[in-house]
Every structure is written in structure tokens, then in C-alpha cells.
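Take a look at the structure below.
This one's a predicted model, so the numbers in the text were calculated from it and none came from an experiment.
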Amino acid sequence: MSFCKICSCGEKIVFEKRLSFPDNCPSCGRRLVDFQTYNENDPKVQELLDNARKPHDEEADINAGDSFVAGSAKYALRFLSGTEIPIPDEGGIVGRTGIGAEFLCDYPSVSRQHIRVIPRRNLGVIVQDLSTYGTLVDGERIEKNTPKLVAEGSTITLCDLRLTLVVRKECSV
């Protein structure tokens, strides 16, 4: 019997033993422990996959009074060049193989799974260092695996790469 988890990005992750799933989604880097485990043959699995792939009705979300458009990220990490790595509302792992991989793959000093980021509404983003070489927030090294709340405008340094936490313009109220 096989089991699976359905990530909110629409990825179906299949594994043989009930508790032997990978830590993170291979597509988006989200923590899989946050998602329910299903039998692979469960009819609910196909329903979840269909819902994950269905285009979202953004107009309904705007009318519901959300402060930002669903499917978009409120926070982003901005390079000095102005390029932004959007942080999903559910959070995830930033690194060469996680969120922002298309931008960070050219920086070998950045770990494959460098930091875990978890947005917190209007407070900022919780950052947790997972890297080999460390992470700085506003010039101060953060302890590995210790969450730290980072406010808008703070500088996050992944080894030698400086990024700034920003609120995305199209998401501001």
C-alpha cells in the first residue's frame, strides 16, 4: 500500500511507508508535515489535485475583503538589482533548490535549503537559518534553526548575497 501527500502547489508526493515522506515538497519547498497523508487510491486525492490545478477566482477574493490578491505573495526578498523573490503566503524554504531557485542557482555559497520563511500577516516574516555557512539579519548572525521575526526593510544576507525584505506594491492595502 502506498501513501501520498498533496502540496498546495499541486504536486503529488508518493511514498511507501506512512511516515517516510520527504521533509519538503520537491517543487516548491513547502513543509510536507503541514499536509494530510492519504492512501494513494483514495478518491479524495484526485479531488484535491483537481482543486489545486483549477484557476483561482481572484475577483471573488477581492470582493471578500482580502488585503491582497490570492495566489500572490505579500512579501518578497529583493536583490540590489530590483529583482524580487516572492514569498508564498504559506511560507517555504528559500535556496538553490527551493523558493527562488531560478535566481539563486548562480550563487554556490547559498545552500540548497538556506532559510525557512513564514509570513506573519502585517508583522513581517519569521526566518529560520537552515544553511551551512549562516545567515545575517541586519548584520547580526542568526542562530541555526532558531526562528527570528524580520520586519519590512530589513536586510537578510545569505552568505555574501544581500536581500531586502519588502512588501510587494501590488499587495499593499
ask   = Of all heavy-atom pairs between Gly124 and Leu149, which one has the smallest distance, and what is that distance?
value = C-CD1, 4.2 Å
request  = Under the ring-ring contact (aromatic ring centres under 6.0 Å, His included) rule, collect the residues that match up with Phe21, sequence neighbours excluded.
outcome  = Phe15
Same apolar cluster (I L V M F W Y, side chains within < 4.5 Å links), Phe79/Val137 = yes
query = How far apart are the closest heavy atoms of Ile13 and Pro26, and which atoms are they?
reply = CG1-CD, 3.9 Å
ask   = Is there side-chain contact between Cys159 and His114, with at least one heavy-atom pair below 4.5 Å?
value = yes
note = Quick note, side chain to side chain donor-acceptor pair (under 3.5 Å) partners involving residues 92-111, not counting sequence neighbours, are Ser109-Asp160
message = Treating Asn39 as the side-chain partner and Asn41 as the backbone partner, does any N or O pair qualify as donor plus acceptor under 3.5 Å?
response = no
note = Nearest heavy-atom approach of Leu104 to Ile99 is CD1-O, 4.1 Å
ask   = Which one of Leu130, Asp129, Thr135 satisfies the side-chain contact (heavy atoms from CB on, under 4.5 Å) criterion with Lys144?
value = Asp129
request  = Treat each ILVMFWY residue as a node, draw an edge where side-chain heavy atoms are under 4.5 Å apart, and state whether Tyr38 and Leu49 are in one component.
outcome  = yes
key: Candidate list Ile87, Val117, Thr155, Val127, test side-chain contact (heavy atoms from CB on, under 4.5 Å), partner Leu165, passing option   = Ile87
ask   = Minimum heavy-atom separation for Ile85 to Gly100, with atom names?
value = CG2-CA, 3.6 Å
request  = Return the minimal non-hydrogen interatomic distance between Ser154 and Ala151, and the atom names on each side.
outcome  = OG-O, 3.0 Å
key: Glu40 atom CD, over 12 foreign heavy atoms within 6.0 Å   = yes
task = Would you list the pairs meeting ring-ring contact (aromatic ring centres under 6.0 Å, His included) in which at least one residue belongs to residues 115-152, sequence neighbours left out?
result = none
